[in-house]
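Below, chains carry the letters A, B, ... as their sequence lines are ordered, and counting in each starts from 1.
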Amino acid sequence: MPELPEVETTVRGIRPHLVDNTVKHVVVRHKQLRWPIPALTLQRLLPTQTILNVSRRAKYILIETSAGTLVIHLGMSGTLCLVDAKTPVKKHDHFDCHLTDDLILRYNDPRRFGAILWAGHDLDSLAVLNHLGPEPLSKAFHADYLLSKAHKRQTSIKQLIMDGKIVVGVGNIYASESLFLAKIHPLMSAKLLNKTQAKVLCETIRQVLRAAIKKGGTTLKDFVQSDGKPGYFSQQLTVYDRQGLPCVQCKTPIEHIQLGQRATYFCPTCQKYP
DNA sequence: CGTAGCGCCTGCCGGC
DNA sequence: TGCCGGCAGGCGCTAC
């Protein structure tokens, strides 16, 4: 389940192999992802293009050429990896971008919640990239910002930090993790957030994401793999999926609730309901 | 305007 | 053993 750290790790892994490389052609095997892959557009515009940069906005991977930008979202189960040209096609390998040197950028996605889109020259012309909140690891995401957004909201603090218009890239797992570290109950009303908590929460969100990115960098050794397996790093999680297990701080059993259709984990002792 | 709920899709797990 | 229901999850869309 790629969250922001996995996406960032993917970007860092594929970037050195893609930049200055040239697209030969693209193959679309199953175009029905979250939205249809614009196969004709990609086949018309991508061949002969040199890749200028590979970057990330929220959980979208941006592969930039002078003709426009290929935008890839991994959804729930997507992976991107580099394989050599003779690597056999496996189930759910929906998209290939053939590069020079017999290298293929291959997209695999069993659940097809992901997306492959084309942005043209104007990135903002893509609706999915509009109205996104700040990057959690950027200066724009700070306590006063979060506080200003939280004040007028009815929703819970967990749902607030998972709202992409408030801040991008905080998925279900890292929401529970950062709230635990901040000692904030996930059901707390967002508008009760005080300045101290806002500071701590901004910091713990950054902390869990940075730690996971760092771990990804060391665990995920090679994106050019013969078996094409992406090798996502195993998470080290303190509350997520630890229902009934002792809290790492106080040994109280971790609780599990549903919040807005999402599994939510917390320690009832460390995270007091206000 | 904010908020809640839905649905896309497949793999996996537990129950029968 | 095999079948099947339920669940997981990011995130845009619709309805209120």
We want to know whether A:T204 and A:S178 form a side-chain donor-acceptor pair, criterion being a heavy-atom distance below 3.5 angstrom.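 The answer is no; no qualifying pair exists.
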
Side chains of A:S156 and A:Q159 only: does a donor on one sit below 3.5 Å from an acceptor on the other?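 Note: A:S156 and A:Q159 side chains meet the donor-acceptor criterion.
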
Mapping A:G260 and A:R112 onto DNA chain B by nearest heavy atom, which one lands closer to the 5' end?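 Taking each residue's closest nucleotide, the earlier one in sequence belongs to A:G260.
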
Using whole Å, what does the distance between atom [atom2] of nucleotide [N] and atom [atom1] of [X] come to?
X      : N      : atom1 : atom2 : result
A:N172 : C:dA8  : CG    : P     : 9 Å
A:K90  : B:dT10 : NZ    : P     : 17 Å
A:M162 : B:dT3  : CE    : C1'   : 15 Å
A:L160 : B:dT3  : CG    : C1'   : 12 Å
A:L187 : B:dA4  : CG    : P     : 12 Å
A:H151 : B:dG2  : NE2   : P     : 16 Å
A:L4   : C:dC11 : CG    : C1'   : 15 Å
A:I173 : C:dG10 : CD1   : P     : 7 Å

Between the base of C:dG10 and the side chain of A:R111, is there a donor and acceptor pair under 3.5 angstrom?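 For A:R111, whose side chain was compared with the base of C:dG10, there is no donor-acceptor pair (under 3.5 Å).
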
At less than 3.5 Å, do the side-chain atoms of A:R34 and the base atoms of C:dC11 form a donor-acceptor pair?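 Under the 3.5 Å cut-off, the side chain and the base do form a donor-acceptor pair.
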
A:Y265 and A:H256 aromatic ring geometry - parallel, tilted or perpendicular at 30°/60° bounds: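 Answer is tilted, since the angle falls between 30° and 60°.
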
Under 4.0 angstrom, heavy atoms only, what part of the nucleic acid is [X] near: base, sugar-phosphate, or nothing?
X      : value
A:K91  : sugar-phosphate
A:A263 : sugar-phosphate
A:R153 : sugar-phosphate

Determine, step by step, whether A:Q154 and A:S189 satisfy the side chain to side chain donor-acceptor pair (under 3.5 Å) criterion, reporting the C-alpha distance in whole Å, the side-chain angles of both residues, the deciding distance to 0.1 Å, and the verdict. CA-CA 7 Å; A:Q154 281 302 321; A:S189 169; 5.7 Å; no

Looking at [X], does any N or O in its side chain come under 4.0 Å of the phosphate oxygens OP1/OP2 on [N]?
X      : N      : answer
A:K152 : B:dG2  : no
A:H92  : B:dC9  : no
A:Y174 : C:dG10 : no

Could you check whether any side-chain heavy atom of A:V239 comes within less than 4.5 Å of a side-chain heavy atom of A:V248, counting everything from C-beta outward?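 No, too far: nothing below the 4.5 Å cut-off.
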
Side chains of A:V89 and A:R29: does their closest heavy-atom pair fall under 4.5 Å?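 Yes, their side chains come closer than 4.5 Å.
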
Nearest listed nucleotide, side chain of [X], among [options]:
X      : options              : value
A:F113 : B:dT10, B:dC6, B:dC8 : B:dC8
A:Q261 : B:dC6, B:dC9, C:dC11 : B:dC6
A:T155 : B:dA4, C:dC11, B:dC9 : B:dA4

Look through every strand shown and name the nucleotide pairing with B:dT3 as Watson-Crick or G-U wobble, where both distances are under 3.5 Å.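 C:dA15 - that is the nucleotide pairing with B:dT3, both distances being under 3.5 Å.
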
